[in-house]
Amino acid sequence: MEQSYILETRALGHRFTDGAAVLNDICLQVPERSVYGFLGANGAGKTTTLRLVLGLLEKQQGEILLFGQPFGRNRLQALQRIGAMIESPSLYGHLTATENLLVLQKIYGCPKERIALVLEMVGLSATGSKKAARFSLGMKQRLSIAMALLHEPSLLILDEPTNGLDPNGMIEVRELLLSLNRKHGITIVISSHLLGEIEKMVSHVGIIHSGSLLFQGTLAELQQQRSAGGRLSLYTDDQSKTTSVLRAMNIQATFDGGKFTMPMPQQEMIAALAKELIGSGVSLYELSPAGNDLEAIFMDMITH
Ligand SMILES: Nc1ncnc2c1ncn2[C@@H]1O[C@H](COP(=O)(O)OP(=O)(O)OP(=O)(O)O)[C@@H](O)[C@H]1O
């Protein structure tokens, strides 16, 4: 059975006036109830893609499908089901959290009760008469997310919501998004230029570089892709004895920065290597995958 996507783009392309193409053939596939991390360095094309998806930029090339329907035809119905935060949050600094939400509630015409509900969802119920201008950046981000949630969207599109946050603020936003996804079943598309910031919350990843999608799949698939070409790192107390053991076992390794690295051997070979080293009186400090974290995968993909 063909998988259905809550958001799909087909061969999406874009070029700003007089400029070179900034998006080429972007085919995003965002499964329902996923947390989709849209990753790319500054200028890769994330914001442009998301603006096109939200109809904030006029589509030039390709197709956009939202909730299984072509975007152009069902624009308003689709937008009513999407909450978005593109670039920095725009809040009224002289108003409280509730007052900021009241402004939007009147525009959307949604029930007033939603205000207390979304404040609860983002953990801002207790901010009372405090004006938004006096909120921390993390609180401002959460208020913006509350605003995006007011009309009960089933898809949330957030452009770099952790930008500029300190580690605590990032954890706050991450936990909030995870609970929105798990408890309320909201599909989330979140863009970031830092994989480390979002890898703990995403189920799917799309990596964009210079306007082209380099990878798309589950987080596990991304990790597998890396392990296939992975390396093993070895750190011992005795370089010369270790070199002899490696030679005797016919393992090609390089020595750099106090550690040996080698192409990832089969599991049995790793066990045999550990046994041989210990048997030769070598102290084994570390035997682990090298450069296998997601940040390394990401850097590897965008530099090759
Ligand atoms: N209004 C515009 N006019 C001309 N070029 C633009 C415009 N907006 C973006 N660009 C260019 O399009 C490319 C993609 O920009 P975009 O903002 O989509 O990247 P991004 O991945 O969101 O990066 P960032 O993380 O810096 O926001 C960049 O080269 C950018 O300079």
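In each ligand, atom 1 is the first atom listed, and ligand 1 is the first ligand listed. In this text, all values refer to a predicted model and were calculated from it rather than measured experimentally. Numbering starts at 1 and runs along the sequence shown.
At a 4.0 Å heavy-atom cut-off, ligand 1 touches Ala41 through the backbone alone. Of the heavy atoms in His193, none comes closer than 4.0 Å to ligand 1.
A tilted orientation is assigned to the rings of Phe38 and Tyr36, their planes being inclined by 30° to 60°.
For ligand 1, the polar-atom distance check against Lys46 finds a nitrogen or oxygen pair separated by under 3.5 Å. By the 3.5 Å distance cut-off applied to N or O atoms, Thr47 is counted among the residues near ligand 1. Taking only nitrogen or oxygen atoms, main chain and side chain alike, Ala44 reaches within less than 3.5 Å of ligand 1.
Side-chain contact of Glu160 with His193: a donor-acceptor pair under 3.5 Å is present, judged by distance alone.
Contact annotation: the side chain of Val53 never approaches that of Lys59 to less than 4.5 Å [non-hydrogen atoms, C-beta and beyond]. Phe16 has its side chain within reach of Thr48: a pair of non-hydrogen atoms, C-beta onward, lies under 4.5 Å apart.
Closest to atom 18 (O) of ligand 1, if we only count protein heavy atoms, is Thr48 OG1, 2.5 Å.
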List the atom pairs, with distances to 0.1 Å, where a side-chain N or O of residues 116-131 and a protein N or O form a donor-acceptor pair under 3.5 Å, not counting sequence neighbours.
from, atom 1, to, atom 2, distance (Å)
Ser125, OG, Glu120, N, 3.4
Thr127, OG1, Leu124, O, 3.0

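The local environment of OH in Tyr92 is sparse, with at most 12 non-hydrogen atoms from other residues, nucleotides or ligands closer than 6.0 Å.
Among Gly19, Gly43, Ser192, the residue whose heavy atom lies closest to atom 26 (O) of ligand 1 is Gly43.
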